[in-house]
Structure formats: structure tokens, C-alpha cells
Amino acid sequence: MGHKGRNISPRKIEIANRFLFELDKHLTELKTGQVEKSIELNEIAERLFIVPNHMSDTVREVLGKSPCEIYENKLVEIAKEMLEDFNKPVNEIARTLDYDPSNFTKFFKSYTGLTPSKYRKSKTEYLTI
């Protein structure tokens with residue numbers, strides 16, 4: 001991700017960086033149980049004092065991906081990290097990330113090609129080799 005030599009205003013770069021900061025802060029709070037509900041992208045826009053469409057357009061222009069894509073990619077990375085803690089049940093991980101367990105499985109599989117259980121199993125097999 002990045003703005004590869006394009007002439008992008010410092011303000012747009014600031015908006016994209018603040019978006020990433022707010023998103024990372026929220027995801028850390030979600031992962032650690034400090035919050036129980038996922039934040040909506042329009043709530044991040046409110047925190048940045050801009051309208052959601054402007055945030056979305058700016059983030060896409062600066063980072064090359066939509067806010068939703070970035071959010072979901074970060075969620076998958078956190079889910080992978082949490083699945084590598086073999087003591088935590090998949091259902092608990094799903095609920096921590098504000099997902100119904102069956103929807104979490106569909107979401108995770110759509111990004112990785114594996115169910116959370118198969119992903120975890122692949123990690124245990126890797127560790128025992």
C-alpha cells in the first residue's frame with residue numbers, strides 16, 4: 001500500500017494515517033476484549049470529523065484499497081494470530097471478533113481458503129514437523 005509517487009496532498013495522507021491509527025486502535029481493543037462490538041466505518045469517519053464517502057475515497061486514493069478491504073484484511077491477520085493460540089476455542093475467537101461462529105468460518109474461509117479449524121490444524125502440523 002502506498003501512494004507511489006502520485007501527487008497526493010499532505011491532508012489526504014494525514015486522513016489515511018489517522019484512519020489506520022483509529023482502525024488499529026479499535027482492533028487491538030476488540031482483540032483484548034476492551035470492546036465487544038466491531039466499529040462501523042462511518043464511526044471511524046466521525047472520529048476523523050469527515051463524511052464517510054470522503055474518508056473512503058481518500059483512503060482508497062492514498063492506500064490503494066478501500067477502508068473495508070483494509071479492515072477485513074487486518075481482521076483476518078488478527079484471526080490467524082488468535083488461531084495460533086491453540087488453547088482458545090474457535091467459537092470464542094469468533095465472538096471476540098464480534099462474529100457469529102458460522103459467519104466467522106465463512107468470512108475466514110473466503111479470505112484464506114481454509115476454515116479456522118483447518119488453518120489451526122495446518123499450524124499444528126507445521127509445528128510438529
Side-chain angles (χ1 to χ4, degrees):
M1 289 191 286
H3 41 85
K4 305 175 201 116
R6 290 176 281 145
N7 191 13
I8 297 176
S9 75
R11 174 66 180 141
K12 288 183 177 183
I13 293 168
E14 177 191 353
I15 288 169
N17 286 336
R18 289 186 57 218
F19 164 77
L20 290 173
F21 174 81
E22 289 294 337
L23 181 59
D24 287 341
K25 180 177 161 216
H26 170 71
L27 289 173
T28 298
E29 291 170 346
L30 190 64
K31 179 180 157 187
T32 59
Q34 295 171 22
V35 295
E36 294 179 7
K37 292 282 179 208
S38 291
I39 195 170
E40 299 286 328
L41 290 172
N42 64 337
E43 293 174 79
I44 294 177
E46 283 177 23
R47 292 180 184 184
L48 302 182
F49 304 103
I50 58 176
V51 295
N53 285 348
H54 180 56
M55 180 186 77
S56 186
D57 292 346
T58 302
V59 167
R60 184 183 297 279
E61 181 182 347
V62 175
L63 301 176
K65 291 185 179 179
S66 73
C68 190
E69 288 175 279
I70 293 167
Y71 196 162
E72 289 176 348
N73 287 333
K74 285 179 178 279
L75 264 177
V76 169
E77 290 309 308
I78 289 170
K80 285 179 177 179
E81 188 181 305
M82 293 177 80
L83 286 164
E84 291 172 22
D85 173 0
F86 303 108
N87 297 319
K88 195 172 252 193
V90 173
N91 287 350
E92 187 180 324
I93 292 168
R95 286 188 188 93
T96 298
L97 297 177
D98 195 24
Y99 274 89
D100 171 83
S102 64
N103 288 339
F104 175 70
T105 296
K106 289 175 199 164
F107 166 76
F108 190 84
K109 187 174 181 180
S110 74
Y111 275 85
T112 65
L114 298 170
T115 64
S117 297
K118 285 184 179 170
Y119 176 83
R120 178 176 269 172
K121 189 173 189 294
S122 76
K123 290 299 176 183
T124 52
E125 288 169 358
Y126 176 77
L127 292 174
T128 57
I129 293 175

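Positions are given from 1 along the sequence.
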Minimum side-chain heavy-atom gap [X]-[Y] below 4.5 Å:
X    : Y    : result
R60  : E69  : yes
T96  : M82  : yes
Y119 : K109 : no
L41  : F19  : yes
I39  : R47  : yes
K25  : E29  : yes
V90  : P101 : no
L97  : L30  : yes

Atom pair [atom1]/[atom2] of [X] and [Y] - distance to nearest 0.5 Å:
X    : Y    : atom1 : atom2 : value
I93  : K31  : CD1   : NZ    : 10.5 Å
S38  : E43  : OG    : CD    : 9.5 Å
I15  : L20  : CD1   : CG    : 12.5 Å
K106 : D100 : NZ    : CG    : 8.0 Å
T112 : E77  : OG1   : CD    : 10.0 Å
T115 : L83  : OG1   : CG    : 9.5 Å

Short question: side chain of [X], backbone of [Y] - any donor-acceptor pair under 3.5 Å?
X    : Y    : value
S110 : F107 : yes
S56  : P52  : no
R95  : E36  : no

| field | V35 vs D98, side chain to side chain contact (heavy atoms under 4.5 Å, CB included): CA-CA, chis, key distance, verdict | value | CA-CA 10 Å; V35 295; D98 195 24; over 6 Å; no
| request: Would you kindly confirm whether I50 and F21 end up in one hydrophobic cluster when ILVMFWY residues are joined by side chain heavy atoms under 4.5 Å apart? | output: no
| For the hydrophobic clusters of this structure (ILVMFWY residues joined by side-chain heavy atoms under 4.5 Å, transitively), does one cluster hold both L114 and Y111? | yes
Compare every heavy atom of [Y] with every heavy atom of [X], then report the nearest pair and how far apart it is.
X    : Y    : value
D24  : K74  : OD1-NZ, 2.8 Å
I8   : E61  : CD1-O, 3.7 Å
F108 : P116 : CD2-N, 3.7 Å
T58  : H54  : OG1-O, 2.7 Å

| Evaluation steps, side chain to side chain contact (heavy atoms under 4.5 Å, CB included), between L27 and Y71 | CA-CA 9 Å; L27 289 173; Y71 196 162; 3.7 Å; yes
| field | side chain to side chain contact (heavy atoms under 4.5 Å, CB included) between L48 and M55, worked out | value | CA-CA 8 Å; L48 302 182; M55 180 186 77; 4.0 Å; yes
| query | Can you tell me if NZ on K12 sees more than 12 non-hydrogen neighbours from other groups inside 6.0 Å? | reply | no
| Are E14 and R11 close enough for a salt bridge, meaning some N to O gap below 4.0 Å? | yes
| Identified side-chain contact (heavy atoms from CB on, under 4.5 Å) partner of V59 from the options V62, L63, D57 | L63
